[in-house]
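In what follows, chains are A, B, ... by sequence order, proteins preceding strands, each numbered from 1.
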Amino acid sequence: MSYISLSAADKSEMLARIGVAAVDELFGCVPEELRLGRDLDLPPAMSEPELLAHFDKIAGRTTYPRYLSFLGGGAYHHFIPAAVDALSGRGEFLSPYTPYQPEVSQGTLQVIFEYQTLICQLTGMDIANASLYDGASAAAEAVLMAQRLNGRSRVLAARSLHPQYRRTIETYTRNLGLTIEDIGFGPDGRLDGADLAAKLKNDVCGIIIQSPNFFGVIEDLPRAAEEVHGRQAVFIVAVAEALSLGILEAPGKLGADIVCGEGQSYGLAPAFGGPFLGFMACGKASLRQLPGRIAGQTKDVDGRRGFVLTLSTREQHIRREKATSNICTNQAWCALRATIFLETLGQAGLRETALQNMHKARAALGRLTRITGVQARFTGPVFNEFVLELPRDAAAAAEGLRAKGILAGIPLGPDYPELQNGLLVCVTEVQSRESIERLALGLEEILR
Amino acid sequence: MIRESLIFEISDPGKPAFALPALDVPEAEGLLDGLAVRSDIPGFPQVSEVEVVRHFTRLSQQNYCVDLGLYPLGSCTMKHNPKVNEKVAGLAGFAQAHPCAPPETVQGCLEVIKSLEDALCEITGLQAFTVQPSAGAQGELVGMMLIHAFLKSRGNPRKIVLIPDSAHGTNPSSAHLCGYKVQEVKSDPTGRIDPDELEKAVTEDVAALMVTNPNTLGVFESDIADIARIVHAKGGLLYMDGANMNALTGIVRPGDMGVDVLHINLHKTFSTPHGGGGPGSGPVGIVKALEPFLPTPVVVRRGEALDLDFERPRSIGRVRAFFGNFLVAVKALAYIRTLGPWGVREIAEISVLNANYIRKSLEGIYDLKYDAPSMHECVFSDKLQKEATGVTNLDIAKRLIDHGYHPPTMSFPLIVQGALMIEPTETESKRDLDGFIEAMKAIDREARESPEILKAAPHHSYVRRLDETAAARNPVVRWEKPKNP
Amino acid sequence: MVPQNLRYTKDHEWILADGDTATVGITDFAQKQLGDVVYVELPAVGTVLAVHQTIGTIESVKAVSEIFSPVSGEVVETNGRLADAPEAVNQDPYGQGWIFKLKLANKGDLEALMSDSEYETRLAGLEH
């Protein structure tokens with residue numbers, strides 16, 4: 001199958017106008033000795049039916065959809081209204097590029113403007129950018145932004161921050177002279193206040209805390225904010241499960257200076273980890289240090305409202321090595337899906353979905369901890385995930401449940417050696433009372 | 001024409017909410033006790049599905065897009081996005097797979113990643129690939145980090161990265177983010193790198209040269225083998241920005257030119273939709289010596305099955321969560337499988353044919369600052385029109401909108417004043433190319449006969465020229481509820 | 001014609017000395033090159049400057065230019081009006097559009113700068 005639109009006659013006519021006999025002559029500037037001189041070693045071309053059959057077969061080797069899954073940990077199964085697929089699948093949204101020419105891109109630009117507004121409302125901040133790659137890279141960008149704001153170089157990161165976010169921050173900052181130190185967690189699963197107090201000195205650039213944190217526990221943000229601001233450090237709050245913002249108070253109202261996170265829960269499938277949606281919001285005063293694209297409102301020559309990409313002087317195509325970030329292409333289409341999702345659910349639908357997640361997780365936690373030997377690892381309040389302390393190695397238990405068609409959760413041992421028996425279980429609105437019961441019965445059986 | 005409001009302006013809290021099934025577990029007592037919760041999200045919309053559908057359908061109609069017509073945005077490779085690829089990416093085995101699932105349960109996903117890496121190795125002549133980078137700029141960052149880690153393992157990461165003055169802005173920005181000092185290399189009078197000048201600039205402090213080939217003028221760096229030799233002789237590495245791979249597929253491979261590290265853009269060369277500005281994907285290819293430093297995890301074959309290797313002590317780490325923009329990788333692989341070896345070669349052949357057809361048709365009417373042979377794109381400027389009539393590339397671009405086309409890339413590369421950078425791609429028909437050529441010719445005539453038409457263009461768009469200065473001087477970057485009078 | 005009572009730098013700043021203090025701005029040529037100015041990042045009062053030190057940036061919609069200190073000294077005042085009205089740099093570069101004032105550390109620094117006629121010669125050279 002080919003997507004070329006030229007006939008043989010077209011090609012001859014075009015070559016004649018150019019004044020060459022064959023296409024090959026157009027490559028005269030490529031030295032002969034560098035050329036491949038053979039066919040690429042790739043499988044032969046496929047027709048559309050063959051392609052579909054081929055990929056059906058490959059996709060079928062992923063058996064995951066046949067399991068009852070309680071996996072979360074930064075990627076969540078939530079219901080996606082049909083309108084999200086129908087509208088975001090329109091070619092007018094899928095097939096344009098970045099809105100460099102605003103007069104023919106008002107659709108994309110207005111969507112970004114609405115998206116920025118929604119993110120501000122959800123996070124409680126003044127301004128938001130048009131999106132970043134994902135929650136982890138947004139966390140890294142937030143740390144770099146904090147350094148631009150106060151020039152300090154010691155960063156504190158909660159140990160309950162998503163381990164992959166933590167590793168991403170390490171990679172981004174490695175060659176820039178920043179150091180990252182852990183702040184531990186207490187028996188409630190929340191930030192260890194004493195550890196924070198001990199490490200928080202005047203040379204600390206900023207602290208990054210996730211809430212709900214990697215263990216699903218909702219942090220006490222105001223308490224941390226007070227300590228951090230006492231040292232003029234930047235308080236970064238990461239939100240990996242953005243649905244929580246439908247019910248939990250906005251981090252911006254609880255003292256956050258930068259709120260960053262992962263918007264996958266807003267209408268994006270788990271998709272084996274991507275494409276997802278990084279978001280970032282901050283206070284007005286930090287506008288010129290915010291990385292990424294920003295849409296702004298203006299007027300056209302006839303006085304009509306319109307939108308443009310603005311404040312581009314922060315960006316790489318103008319400021320080059322002095323830019324706030326190297327980001328160019330971001331996740332605009334994912335931001336579009338989030339916008340459609342949030343506007344379809346509306347305030348009431350978002351709140352109800354968030355509440356159902358909390359109720360179901362609470363019900364599951366109650367049911368599972370009635371099993372002999374199974375406890376909640378942490379005592380702090382949770383959103384839709386929690387850590388079970390099992391009487392044996394969690395990875396082994398998870399494998400046992402897999403044989404029963406259940407993916408019960410993420411064993412924490414590989415990332416947290418001290419939580420070898422910890423299993424991170426996620427229960428969202430897509431789980432039913434029956435599925436929770438099936439998990440409980442399965443767990444009972446394998447622990448027997 | 002319907003003027004579409006912001007959703008916030010048509011919101012009404014009294015409207016029926018999106019319905020979920022009734023809660024099927026007992027309501028937990030004291031669920032929110034002691035928590036900071038919100039009773040209201042001020043300004044958050046509440047509208048019906050009907051209103052949402054009309055809102056986004058109307059907004060969609062204010063966008064120009066590839067599905068509508070020629071989109072000759074130079075350096076962005078706006079080619080047709082095959083519909084079947086969307087369907088493939090929507091298969092449950094891909095779209096519903098959870099990234100934390102045990103590898104045994106996501107074999108299909110791992111197979112896609114491995115197959116794409118293998119195909120990209122063959123197409124580029126490099127030895128290993130990672131698909132983790134989310135877009136070209138993140139690919140550049142990963143590439144520079146790999147170079148840094150590799151050189152450091154040899155004792156000295158070095159200090160300087162050389163970058164031609166015609167390069168994309170992401171190049172210096174990515175090198176800087178990796179801790180390198182950027183030093184610019186001036187283009188020679190043909191728009192290429194001058195090997196003699198390069199030889200003077202390359203010292204033992206130089207970690208790498210970042211080259212784009214074909215460069216941003218659409219000109220092939222014919223001396224690329226010499227360039228590689230000069231950089232390698234001083235122990236540096238050659239990085240290639242693969243943004244312009246569309247000109248090369250199946251004809252010549254970066255690995256065979258002496259390139260050590262390369263990123264490519266799946267959303268350019270391999271047709272995945274640009275989505276209004278992402279998601280993209282920027283896989284990075286490398287020579288064997290850099291393999292130990294690849295981001296984790298790496299997909300590896302263990303017997304019959306595929307697995308994820310996290311135990312890589314020399315790895316640079318990771319630059320995002322999970323495995324990259326996976327569904328973008330699915331679409332790119334589907335494209336490569338559809339085309340096969342000849343089809344992939346045809347990408348380069350026809351994109352170069354189409355670009356040269358446009359160049360030949362407009363030469364003399366628009367100025368070509370550099371007349372070196374064009375590959376997949378050509379860079380004209382507004383020089384002739386500006387001198388004769390005062391109209392600028394901005395006016396020409398805006399007038400193209402009235403003629404029904406998306407404007408080319410403007411004012412880039414920086415070494416061409418008033419640039420109009422045209423990249424038609426291989427999927428355009430002759431009829432569409434001719435239409436665009438005729439529009440450009442008509443605009444030249446209009447510039448000479450009635451330049452005021454261009455100065456005030458566009459005339460037939462949803463909005464007319466927008467005040468970008470006002471937007472930047474007084475930024476309004478979110479909706480706010482109007483204050484009561 | 002550029003004002004005769006000023007000294008100029010090759011980066012297109014002007015400086016007006018008055019006793020121990022001096023006022024600094026960018027030239028008419030510089031503002032035209034930049035286009036509509038949308039933002040001026042000002043130095044903090046009290047900042048001690050060396051010759052040619054970067055002290056801020058000046059931004060238009062699609063360009064950024066650094067502001068260098070033409071001489072050594074200490075910043076004593078900045079033009080606060082530019083926060084709300086950056087267009088003053090375009091409209092009146094040698095007057096209302098001034099950027100900052102400094103206390104001169106070494107009056108001899110002024111000697112190294114261009115006179116009006118030298119600057120005009122330089123501008124004429126740039127036209128080609």
Using 0.5 Å steps for rounding, measure from the CG atom of A/L34 to the CD1 atom of B/I251. 12.5 Å
Can you classify the ring geometry of A/F272 versus B/F326 as parallel (below 30°), tilted (30 to 60°) or perpendicular (above 60°)? perpendicular
Chain B contact via A/I318 - side chain, backbone, both or neither, heavy atoms under 4.5 Å: neither
Can any side-chain N or O of B/H274 pair as donor or acceptor with the backbone N or O of A/L94 at less than 3.5 Å? no
Any idea which of A/D39, A/T98, A/T63, A/T171 has the most non-hydrogen atom pairs under 4.5 angstrom with chain B? A/T171
Contact winner vs chain B - A/R319, A/E48, A/E315, A/E343, heavy-atom pairs under 4.5 Å: A/E343
Name the option with the most non-hydrogen atom pairs under 4.5 Å to chain B; the candidates are A/L407, A/D302, A/L221, A/I294. A/D302
Answer with side chain, backbone, both or neither: which region of A/I18 has an atom nearer than 4.5 Å to a non-hydrogen atom of chain B? both
Chain A: which of B/E27, B/K360, B/R38 shares the most heavy-atom pairs with it under 4.5 Å? B/R38
What part of A/T62 lies closer than 4.5 angstrom to a heavy atom of chain B: side chain, backbone, both or neither? both
Minimal heavy-atom distance between B/D67 and A/G91, with the atoms involved, is OD2-CA, 3.2 Å
Donor + acceptor pair across side chains of A/N326, B/S173 (<3.5 Å): no
Full working for side-chain contact (heavy atoms from CB on, under 4.5 Å) between A/E114 and B/W479: CA-CA 7 Å; A/E114 291 188 8; B/W479 174 83; over 6 Å; no
Aromatic plane relationship, B/F322 with A/H162 - under 30° parallel, 30 to 60° tilted, over 60° perpendicular: perpendicular
Test side-chain contact (heavy atoms from CB on, under 4.5 Å) on A/R362 and B/V25; report intermediate values, then the result. CA-CA 9 Å; A/R362 187 68 71 88; B/V25 298; over 6 Å; no
What is the distance from atom OG of B/S429 to atom CG of A/D10, rounded to the nearest 0.5 Å? 8.0 Å
For B/N81, which atoms come within 4.5 Å of any heavy atom of chain A: side chain, backbone, both, or neither? side chain
Check B/Q138 against A/S137 and note the closest heavy-atom contact, atom names and distance. NE2-CB, 4.0 Å
Under 4.5 Å heavy-atom distance to chain B, tell me which part of A/R90 shows up: side chain, backbone, both or neither. side chain
So which part of A/S432 gets closer than 4.5 Å to some heavy atom of chain B, the side chain, the backbone, both or neither? both
Top contributor to chain B interface from A/Q106, A/M46, A/Q121, A/R174 [non-hydrogen pairs under 4.5 Å]: A/Q121
Does CD in B/Q96 sit with more than 12 non-hydrogen atoms of other residues, nucleotides or ligands closer than 6.0 Å? yes
Tell me, for A/I340 versus chain B, whether the close heavy atoms (under 4.5 Å) come from the side chain, the backbone, both or neither. both
Contact part of B/F94 toward chain A, heavy-atom cut-off under 4.5 Å: side chain, backbone, both or neither? both
Answer with side chain, backbone, both or neither: which region of A/L176 has an atom nearer than 4.5 Å to a non-hydrogen atom of chain B? side chain
With a 4.5 angstrom heavy-atom cut-off, is it the side chain or the backbone of A/V23 that approaches chain B, or both, or neither? side chain
Quick one: which of B/G34, B/P102, B/A95 has the most heavy-atom pairs under 4.5 Å with chain A, could you say? B/A95
Write down the atom of B/A28, the atom of A/H359, and the distance for their closest heavy-atom approach. N-ND1, 3.0 Å
Under 4.5 Å to a heavy atom of chain B? For A/P65 that would be side chain
Side chain, backbone, both or neither: which part of A/L71 has an atom under 4.5 Å from a heavy atom of chain B? both
Identify the two heavy atoms, one from B/L73 and one from A/Y100, that lie closest to each other, and give their separation to 0.1 Å. CD2-CD1, 4.1 Å
Residue that, paired with A/L355, satisfies side chain to side chain contact (heavy atoms under 4.5 Å, CB included) out of B/L31, B/V37, B/L20: B/L31
Whatever's closer than 4.5 Å to a heavy atom in chain B on A/A250 counts as both
Does A/T298 form a side chain to side chain donor-acceptor pair (under 3.5 Å) with B/D467? I'd like the steps, not just the answer. CA-CA 6 Å; A/T298 189; B/D467 189 346; 5.0 Å; no
Greatest number of heavy atom pairs closer than 4.5 Å to chain B - which of A/K360, A/R320, A/E33: A/R320
Counting only heavy atoms not in B/K87 (residues, nucleotides, ligands), do more than 12 fall under 6.0 Å from its NZ? no
Proximal component of B/S361, with respect to chain A [non-hydrogen, under 4.5 Å]: both
Could you tell me which portion of A/R402 (side chain, backbone, both or neither) has an atom closer than 4.5 angstrom to a non-hydrogen atom of chain B? side chain
Comparing A/E262, A/Q297, A/R293 against chain B, the one with the most heavy-atom pairs below 4.5 Å turns out to be A/Q297
Which pair of non-hydrogen atoms, one from A/A136 and one from B/A321, has the smallest distance, and what is that distance? CB-N, 3.4 Å
Looking at every heavy atom in both B/F44 and A/G346, which two are closest together, and how far apart are they? CE2-C, 3.8 Å
Applying side-chain contact (heavy atoms from CB on, under 4.5 Å) to B/F8 and A/L118, what does each step give before you reach the verdict? CA-CA 10 Å; B/F8 312 102; A/L118 293 166; 3.8 Å; yes
What do the steps show when you test A/L87 against B/V52 for side-chain contact (heavy atoms from CB on, under 4.5 Å), and what is the final call? CA-CA 9 Å; A/L87 295 169; B/V52 169; 4.0 Å; yes
At a 4.5 Å cut-off on heavy atoms, which part of A/P381 comes close to chain B: side chain, backbone, both, or neither? side chain
Side chain, backbone, both or neither: which part of A/T353 has a non-hydrogen atom closer than 4.5 Å to chain B? both
Relative to each other, are the rings of A/F93 and B/F56 parallel, tilted or perpendicular (30° and 60° limits)? perpendicular
With sequence neighbours excluded, residues passing salt bridge (Lys or Arg N to Asp or Glu O under 4.0 Å) with B/K430: A/E13, B/D434
Is it true that A/E103 and B/K398 make a salt bridge, defined as a side-chain N closer than 4.0 Å to a carboxylate O? yes
Apply salt bridge (Lys or Arg N to Asp or Glu O under 4.0 Å) to B/E122 and list each qualifying residue two or more places apart in sequence or on a separate chain. A/R38, B/R253
